[in-house]
Amino acid sequence: MPERPAAAGHRGGAITSERTVVEEVAVSTDHWIGGERVASTDRFEDVSPIDEEVIADVARGGAAEARAAVAAARDAFEGWGTTAPKERAEILHRIADGVEARLAELAAVETRDNGSLLRSHVRSVIPRVARNFRFFADRLLALDGSADAYDGNTEHVTWDPAGVTVVISPWNAPLMLATWRIAPALAAGNTVIQKPPEWAPLTASLLADIARSAGLPDGVFNVVQGIGEEAGAALTSDAGVARIAFTGSVDTGRLVARTAAEHLTPVSLELGGKSPFLIFADADPDAALRQAINQFDNAGQVCLAGTRLLIEGSIYDDFIDRFTDAAHAIRQGDPREETTDLGPLITRAHLERVEGFVERAKADGARLVFGGGVAPELGGLHHRPTLFVDAPAGSEILTEEVFGPVLTAQPFADEDEAVALANATDFGLAATVYTSDLARAQRVSEQLVAGTVWVNCFFVRDLNAPFGGSKNSGIGREGGVWSFDFYADVKNTVVAPLTHDRSTEGEQEGRT
Ligand code: NAD
């Protein structure tokens with residue numbers, strides 16, 4: 001977790017207390033509660049990782065703002081929860097229209113705020129934001145609760161709106177990750193309070209503008225800006241909250257789950273990873289290399305990244321040589337440039353955290369193949385793509401999430417060893433297998449402990465599929481009907497035929 005942002009003292013440039021202009025886009029820096037912009041006297045500085053400039057002075061919410069947002073969201077719940085699914089779906093589609101219409105602005109602000117590549121935001125990340133809304137709008141209308149008749153009765157499942165949903169998300173893809181939870185929660189008929197990441201809080205504010213223009217009623221979507229331990233903790237401990245959807249680190253996930261336990265508030269946790277990337281000798285060498293290099297994407301700040309390359313012994317040396325050559329071709333620089341492949345890390349404290357992992361890996365006896373520090377010619381927050389080999393079994397660099405452009409490589413002798421190495425962490429978010437033997441792919445994937453296994457591909461999936469983590473990588477699955485199962489109160493209604501009351505017939509098979 002990066003350090004807490006500084007309290008705002010800076011009032012220079014285009015910054016005012018309520019609005020700022022970022023990349024020529026006007027962004028409110030206040031909360032959005034009950035259909036109104038709400039200011040806070042306390043504010044925090046939002047620093048761009050591109051040049052470490054303060055770009056916004058953002059409202060710093062706490063207990064009072066959390067209470068106000070929960071009250072507004074509860075007030076709006078009755079109306080939204082009883083709005084016909086078709087109408088809810090239409091509004092979600094209009095939000096998607098608004099995201100598409102403002103794609104360039106959203107991408108520019110997000111890049112300035114979190115330092116990810118502009119070209120990725122334009123081509124895939126922000127389009128996925130729109131898709132999140134469209135997908136769950138359509139999926140809502142396709143929910144089918146009919147069940148087989150049992151013992152002469154008919155049964156019918158409904159996904160009833162549950163109430164106020166708090167969505168807390170990290171900075172590495174702020175709007176995409178938040179809307180992956182906001183869209184199904186709204187589709188399910190819940191009202192939502194988003195607490196954006198304090199290191200990249202701005203696109204949440206633009207989403208509020210878009211939702212209002214799309215006709216989402218006041219109070220159905222709210223944004224409380226602020227620091228995790230303040231605004232986030234206040235929201236997750238509120239008894240008026242029905243669901244908490246949290247994406248972030250394992251440590252914070254534990255805290256959130258502990259807080260939620262007080263009111264038995266259901267939590268869905270999407271947490272960190274240390275995913276294995278297995279390459280067998282029979283794999284397509286070019287495809288495997290191309291995807292292995294992609295594990296440096298977003299400067300390694302990707303929960304799903306396959307940061308542990310596990311390579312069959314017979315091709316190990318050759319693969320490391322080719323991987324090293326390919327890594328040297330990665331172009332680091334300003335994420336707004338089309339030619340840049342790798343941008344900066346999110347904050348100086350995070351850069352120092354990544355450097356700490358690198359130094360400790362060396363001290364533990366791992367051998368540096370390339371990278372291993374800040375890119376001196378770039379300065380700022382750019383860390384070089386880095387590869388370690390020969391790390392001792394069980395050492396920190398093989399077991400802990402770095403969340404930076406730092407990979408390890410390990411050789412394996414056979415399938416059994418590949419699986420043992422792959423499963424040798426407390427994480428279980430994802431795993432990737434490259435092999436041309438599909439029988440082997442099936443044998444291996446059956447033994448991998450992970451929420452998602454990719455075979456000869458990476459980072460692609462149907463939004464109907466379940467997504468989530470095993471072990472410390474999370475609790476629960478979302479996607480398709482799994483999302484509705486979490487955000488809704490799932491109800492089964494059993495209807496006996498009108499001829500007589502079957503519930504008085506004494507012991508029956510299947511009684512609950
Ligand atoms: P983080 O846990 O520090 O923060 C995540 C969010 O939690 C932020 O919005 C923060 O304000 C909030 N928060 C902090 N303390 C809180 C508290 N006490 N109560 C409530 N909220 C609180 O994580 P991060 O550094 O922002 O993100 C990086 C982590 O997120 C990595 O571990 C990464 O793997 C994980 N991640 C997981 C997924 C996934 O889908 N599984 C996706 C992206 C990132």
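Just so you know, ligand 1 is whichever comes first in the structure, and atom 1 is the first atom listed for that ligand.
Residues Glu478 and Phe467 fail the side-chain proximity criterion, which asks for heavy atoms closer than 4.5 Å.
Residue-level proximity to ligand 1 for Ile168 is carried by the side chain, the only part with a heavy atom below 4.0 angstrom. Within the 4.0 Å heavy-atom criterion, neither part of Ser473 lies near ligand 1. No part of Val302 comes within 4.0 Å of ligand 1, judged by heavy-atom distances. At a heavy-atom cutoff of 4.0 Å, ligand 1 is contacted by the side chain of Glu401 but not by its backbone.
Between the side chains of Arg139 and Ser483, no donor-acceptor pair is found at a separation under 3.5 Å. The closest side-chain donor-acceptor pair between Trp159 and Asp485 falls under 3.5 angstrom.
In summary, Asp238 and Arg74 do not engage in a salt bridge, as defined by a charged side-chain N under 4.0 Å from a carboxylate O. A salt bridge between Lys274 and Glu401 is absent, with no side-chain N of the basic residue lying under 4.0 Å from a carboxylate O of the acidic one. A salt bridge links Glu100 with Arg134: the closest approach of a Lys/Arg side-chain nitrogen to an acidic carboxylate oxygen falls below 4.0 angstrom.
Counting the atoms of ligand 1 from 1 in the order shown, those under 4.0 Å from a heavy atom of Thr247 are 5 (C), 37 (C), 38 (C), 39 (C), 40 (O), 42 (C), 43 (C). Those atoms of ligand 1 that come under 4.0 Å of a heavy atom in Phe467, given as number and element, are 40 (O).
When the heavy-atom distances from atom 35 (C) of ligand 1 to Ala305, Pro196, Gly248, Gly468 are ranked, the shortest goes to Gly248.
Residue-ligand proximity: Gly474 is placed with every non-hydrogen atom at 4.0 Å or more from ligand 1.
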